[in-house]
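Some notes on the structure that comes next.
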Amino acid sequence: MKTKTEARDRRHSRIRKKVSGSSSRPRLSIYRSLKHLYAQLIDDNDKKTLLGLSSKSKEFSKKIAGNVKGAREFGLFFAKMARQKQFENVTFDRGGYIYHGRLKAFAEGAREGGLKF
């Protein structure tokens with residue numbers, strides 16, 4: 001029997017076969033822990049991280065993204081920072097997580113902030 005982490009890793013590898021990012025349309029990859037969210041914009045062609053933020057970063061005023069409301073706020077903040085670096089179109093990589101709860105709230109917040117995916 002697989003552990004929860006191993007099952008998520010398998011789902012993520014299946015997703016990564018189809019989803020990739022470029023410099024014009026980077027991949028928005030997300031990781032969630034129990035208390036925080038981590039998001040990156042990645043250019044898979046050059047193998048570079050273009051923007052990486054977490055809900056623990058100093059710029060993010062809210063101290064927790066461990067709930068749906070905090071995740072939405074972090075999504076708005078991430079979109080604002082991405083738009084400052086002239087990134088508008090992204091490819092969403094849910095990281096093997098089911099699209100609900102905090103992940104869905106982050107995605108909706110990022111869309112409200114101006115990211116298109």
Side-chain angles (χ1 to χ4, degrees):
M1 188 168 176
K2 300 289 182 193
T3 65
K4 211 177 215 186
T5 306
E6 290 170 337
R8 186 191 71 81
D9 288 340
R10 289 187 61 179
R11 283 192 304 272
H12 192 201
S13 64
R14 283 196 305 266
I15 292 167
R16 285 289 295 122
K17 287 178 188 176
K18 300 173 186 170
V19 175
S20 67
S22 63
S23 58
S24 62
R25 189 177 173 105
R27 176 170 55 100
L28 170 55
S29 177
I30 191 160
Y31 173 78
R32 63 171 198 192
S33 67
L34 291 177
K35 291 185 179 180
H36 295 284
L37 292 173
Y38 305 85
Q40 300 180 68
L41 288 178
I42 302 169
D43 179 3
D44 290 315
N45 295 337
D46 292 338
K47 296 178 177 52
K48 290 189 178 186
T49 300
L50 306 171
L51 174 66
L53 292 172
S54 76
S55 60
K56 295 192 299 187
S57 63
K58 292 178 184 177
E59 300 91 17
F60 184 59
S61 61
K62 300 275 185 189
K63 292 297 176 194
I64 190 148
N67 58 21
V68 174
K69 185 178 179 184
R72 185 181 168 282
E73 293 295 322
F74 182 60
L76 286 166
F77 172 72
F78 187 83
K80 183 178 106 176
M81 298 301 284
R83 292 195 45 125
Q84 284 179 357
K85 293 196 174 219
Q86 278 79 37
F87 295 113
E88 190 171 324
N89 295 319
V90 297
T91 304
F92 189 64
D93 176 10
R94 60 187 174 90
Y97 300 109
I98 298 168
Y99 187 79
H100 80 294
R102 288 189 290 155
L103 194 71
K104 184 178 179 181
F106 172 83
E108 289 173 352
R111 283 188 183 108
E112 284 179 32
L115 291 182
K116 296 176 185 168
F117 53 92

**Aromatic plane relationship, F92 with F106 - under 30° parallel, 30 to 60° tilted, over 60° perpendicular** = parallel
Hey, are the side chains of [X] and [Y] touching, using non-hydrogen atoms and a 4.5 Å cut-off?
X: K85; Y: L41; result: no
X: F117; Y: L28; result: yes
X: E112; Y: R72; result: yes
X: Y38; Y: S33; result: yes
X: R16; Y: D44; result: yes
X: H36; Y: F74; result: no

Of the non-hydrogen atoms in [X] and [Y], which two are nearest, and what is the gap between them?
X: A71; Y: A105; answer: CB-CB, 4.2 Å
X: G21; Y: D43; answer: O-OD1, 3.7 Å
X: R25; Y: T91; answer: NE-OG1, 3.2 Å
X: Y99; Y: R111; answer: OH-NH1, 3.1 Å

**Backbone of V68 reached by a side-chain donor or acceptor of R102 within 3.5 Å** = no
**Prompt:** Has the side chain of R11 got a donor or acceptor atom that lies under 3.5 Å from a matching backbone atom of G96?
**Reply:** yes
**Message:** As a test of understanding, state which of R27, R94, H12 forms a side-chain contact (heavy atoms from CB on, under 4.5 Å) with V19.
**Reply:** R27
To the nearest 0.5 Å, how far apart are [atom1] in [X] and [atom2] in [Y]?
X: L115; Y: M81; atom1: CG; atom2: CE; result: 12.5 Å
X: L50; Y: F87; atom1: CG; atom2: CZ; result: 4.0 Å
X: F60; Y: L76; atom1: CZ; atom2: CG; result: 9.0 Å
X: S20; Y: I42; atom1: OG; atom2: CD1; result: 11.0 Å
X: Q40; Y: I30; atom1: CD; atom2: CD1; result: 10.5 Å

**Prompt:** Passes salt bridge (Lys or Arg N to Asp or Glu O under 4.0 Å), D9 versus K2? Steps please.
**Reply:** CA-CA 10 Å; D9 288 340; K2 300 289 182 193; over 6 Å; no
**Distance-only side-chain donor-acceptor flag, S24 / S22, under 3.5 Å** = yes
